[in-house]
Amino acid sequence: MISSGSACYTAPMNSVRAGSIVILDSGGQYAHLIGNRVRRLGAFSEIRIAETKAEDLRGAAGIILSGGPQSVYEEGSPQPDPAIFELGIPVLGICYGHQWVAHALGGAVKPGKIKEYGHADLNIVTPESVLFRGLPLRFGVWMSHGDEVADLPPGFSTLASSDTCTIAAMGDEERRIFGVQFHLEVTHTQHGMEILKRFVDLCEPAPWSMEGFAKRIGQEIAQTVGDRRVFMLVSGGVDSSVAFTLLNDVLGVDRVQGLLVDTGLMRKNEVRNIRQAFDRLGITNLQIADASEEFFRNLKGIYDPEEKRRIIGQTFLDVQKRVSEEMGLGMVGSPSAGSGQTSQSDVWMLGQGTIYPDTIETKGTKHADHIKTHHNRVAAIQAMIEKGLVIEPLKDLYKDEVRALGEELGLPSDFVWRHPFPGPGLGVRILCAQELSLPKEIGTVDLPHLVLPVRSVGVQGDGRTYRHAVALFGEHPSEVPHAYRAMATTIPNAIPAFNRVLFCSSHTAPPPLIFTPGYLTRERADLLREADAVVDEELRRADLYSVIWQFPVVLLPFGTKEGGESIVLRPVESQEAMTASAAPLPPALLRRITDRLLALPGIDMVFLDLTSKPPATIEWE
Ligand code: XMP
């Protein structure tokens, strides 16, 4: 049972909590991730908007300026208060933050010769800098930027350079003001946590722990819900399961009711498995409703990814409303049907397992760009949020923190460590297209390749892209040539038409393609469900389930025969889904999976997605 406590990391008042490291959010995809990293280092952190007044930051131990999708010269771009430099506390700018520090203190920023997205090699120029002391002189970092610092501000020196970016890190050691162009907060930057730790140590911040954090969430739930009750849609994924368990734990079974909607877009045997898992936990207040007909009916003839997401989110809500009425709960947000008097205890709130990345990618913070609308951020839910009718106990957490919290609550670790599965389920993994689409201009790709006739969502420099994928072919279809992995970064950087690079594991040369218009149907969902089950089974058999973080399997509406379809395998390594790299698959496993998929009726081709995030996203839509 989680009891009340006092560990807070967002202060309700204007001034920040004394001793916290404040992240000023310029809308970068990683702003909260920096908060996560600072907490992992055992330090208290708070996120504030970029323009927070310097006087409200008095008492902070340090300031980190996040990245952001804009250019410092752009009208309306985030402009922190320059008086932060007078506070006498350490300041670290990351990406946009780094550029803004240069801009604000008299340096110059201009568009880089080459836009860098993904891996870059960093060379340390000033090894005695407090940030880099004792680290190797060259290591890999993660970049995602178009602009760069061209001239240092007075008093600063260059601390590190990359091959294409001369001022990749800068510092004024005396004033303890630093800037790094690379994202030290993502796991793909080597030594990133060490660099951050050095900065955090300079700040001498107040301490933070997960146990205290869990206590704070418990207290917050109790306060927010008051006398009301909570109705919650449970998808069976890690986030909604942890949120549901937490609500049960804090409020008790009588004040919580769960509903699992079978959308027809779930994985094979998913519903049965979820029911069993909760039964084992003694959580029985979970109703199951089969609404698959309604979902397929509403999605008929829909091709656009954002429209699909919106419809899936809306259908979830419609079903929830109908079923909750059938269950006699009344409308969520209104007093229970049938009760003559209206008291607070008759009102049901809506519980959601939203975690932080869901918010940020739906443009959840002031300066963030819109990447994808997560199902729990559609307009109808936003309206309920504004009325204070939604409780999202995990909304500030990253996946790794949700899992740690799940374990803290006593959930079994096999349950907590299952691969993440998106709320819209297979719906975002079945690509729909009404007509064949090809880019106008692709430049030169000097290898046997195929431009796929469909587009997918990506993220570059904190902005959304919707572009084509290019598939490369090799002599041995189960062995990805080493050079192709590097091309998965260089091709999207150099050719704007592409945001993904694939390797074809079923063919050695591009065959003629046949495109078949397709939307979301039960038949396609059934086919993908089988394909997904094959991959899941092979992954567990190869003992790689826990090594690979997530493994979406995607269905594409083209093949080599009339009505044929193709499959994309998308194994990724990640920690918190904000960045990811393509996970390598042993050739024997890739061959076995490919052979088994080609044996499914209707599957003509198989591809392996080699792209990291950025420039792609993990899911295709
Ligand atoms: P992307 O594709 O944005 O995915 O790189 C990041 C992580 O989020 C999951 N995801 C979702 N989860 N509702 C969810 O609950 C959604 O609408 C949604 N879209 C993506 C995705 O599976 C990955 O783990």
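Each residue takes its place number in the sequence, starting with 1.
Looking at I302 and C432, their side chains never come closer than 4.5 Å, going by heavy atoms from C-beta outward. Between M266 and V271 there is a side-chain heavy-atom pair separated by less than 4.5 Å. Inter-residue side-chain proximity for L502 and L452 is flagged as met; some heavy-atom pair is nearer than 4.5 Å. Two residues are said to be in side-chain contact when any heavy atoms from C-beta on lie closer than 4.5 Å; R500 and R570 meet this criterion. The side-chain heavy atoms of V38 and N36, taken from C-beta on, include no pair separated by under 4.5 Å. Looking only at side-chain heavy atoms (C-beta outward), P557 and V454 come within less than 4.5 Å of each other. L233 is listed as a side-chain neighbour of V261, based on a closest heavy-atom distance under 4.5 Å. Contact annotation: the side chain of F607 never approaches that of F503 to less than 4.5 Å [non-hydrogen atoms, C-beta and beyond].
Remark: the backbone N or O of G192 is not paired with any side-chain donor or acceptor of T189 at under 3.5 angstrom. Judged by distance alone, the side chain of S478 and the main-chain N or O of A588 form no donor-acceptor pair under 3.5 Å. A donor-acceptor pair under 3.5 Å is formed between the side chain of T516 and the backbone N or O of G563. For the pair E565 (side chain) and G602 (backbone), a donor-acceptor distance under 3.5 Å is absent.
For residues 504-520, there are no salt bridge (Lys or Arg N to Asp or Glu O under 4.0 Å) pairs, not counting sequence neighbours. Applying the salt bridge (Lys or Arg N to Asp or Glu O under 4.0 Å) test to pairs two or more places apart or on separate chains, those with a residue in residues 416-434 are R429-E619. Sorted by first then second residue, the salt bridge (Lys or Arg N to Asp or Glu O under 4.0 Å) pairs that include residues 233-243, not counting sequence neighbours, are D239-K399.
Both tests hold for R464 against Y466: distance to the six-membered ring centre under 6.0 Å, angle to the ring axis within 45°.
With sequence neighbours excluded, the residues forming a side chain to side chain donor-acceptor pair (under 3.5 Å) with K561 are D604, listed by chain and number. Checked against side chain to side chain contact (heavy atoms under 4.5 Å, CB included), I124 has the following partners two or more places apart in sequence or in another chain: L122, P127, F132, L137, F139, A160. Legend: residues meeting side chain to side chain contact (heavy atoms under 4.5 Å, CB included) with E537, ordered by chain and number and at least two apart, are R541, R596. L600 is linked by a side chain to side chain contact (heavy atoms under 4.5 Å, CB included) to L527, E530, A531, L597, I603, counting only residues two or more places apart in sequence or in another chain. By the side chain to side chain donor-acceptor pair (under 3.5 Å) test, E194 is found to be paired with H191, residues two or more places apart in sequence or in another chain being considered. Checked against ring-ring contact (aromatic ring centres under 6.0 Å, His included), H98 has no partners two or more places apart in sequence or in another chain. With sequence neighbours excluded, the residues forming a side chain to side chain donor-acceptor pair (under 3.5 Å) with D121 are H119, R138, listed by chain and number. Looking at residues two or more places apart in sequence or on another chain, you find a side chain to side chain contact (heavy atoms under 4.5 Å, CB included) between V416 and R403, E407, L411. Looking at residues two or more places apart in sequence or on another chain, you find a ring-ring contact (aromatic ring centres under 6.0 Å, His included) between H419 and Y545.
The aromatic rings of H188 and W142 are tilted relative to each other, their planes meeting at an angle between 30° and 60°.
Donor-acceptor pairing under 3.5 Å is lacking for the side chains of S581 and S612. No side-chain donor-acceptor contact under 3.5 Å links R467 and S456. In the model, T465 has a side-chain atom that pairs as donor or acceptor with a side-chain atom of N499 under 3.5 Å. Donor-acceptor pairing under 3.5 Å is recorded for the side chains of S437 and H468. Side-chain contact annotation: S161 with N123, donor-acceptor N/O pair under 3.5 Å absent. Using modelled atom types and a 3.5 Å distance limit, the side chains of S235 and S240 yield a donor-acceptor pair.
The existence of a salt bridge linking K268 and D532 is excluded, since no basic side-chain nitrogen approaches an acidic carboxylate oxygen closer than 4.0 Å. Between R592 and D595 there is no salt bridge, since no side-chain nitrogen of the basic residue lies less than 4.0 Å from a carboxylate oxygen of the acidic one. Under the 4.0 Å criterion applied to side-chain N and carboxylate O atoms, D536 and R540 are assigned as salt-bridge partners.
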Run the numbers on I288 and R275 for side chain to side chain contact (heavy atoms under 4.5 Å, CB included), then give the verdict.
CA-CA 9 Å; I288 295 179; R275 160 107 57 201; 3.4 Å; yes

CA sep, side-chain torsions, deciding dist, call: V428, V457, side chain to side chain contact (heavy atoms under 4.5 Å, CB included)
CA-CA 10 Å; V428 291; V457 176; over 6 Å; no

V553 vs V568, side chain to side chain contact (heavy atoms under 4.5 Å, CB included): CA-CA, chis, key distance, verdict
CA-CA 6 Å; V553 179; V568 178; over 6 Å; no

Just do the ring-ring contact (aromatic ring centres under 6.0 Å, His included) check on F278 and F244 with the steps written out, would you?
CA-CA 10 Å; F278 277 117; F244 185 53; 5.5 Å; yes

Where do E148 and T164 land on the side chain to side chain contact (heavy atoms under 4.5 Å, CB included) test, with the steps shown first?
CA-CA 10 Å; E148 65 179 44; T164 54; 5.9 Å; no

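Aromatic pair F295/F316: centroids less than 6.0 angstrom apart.
Around the CZ atom of R485, the shell of radius 6.0 Å holds more than 12 heavy atoms that belong to other residues, nucleotides or ligands.
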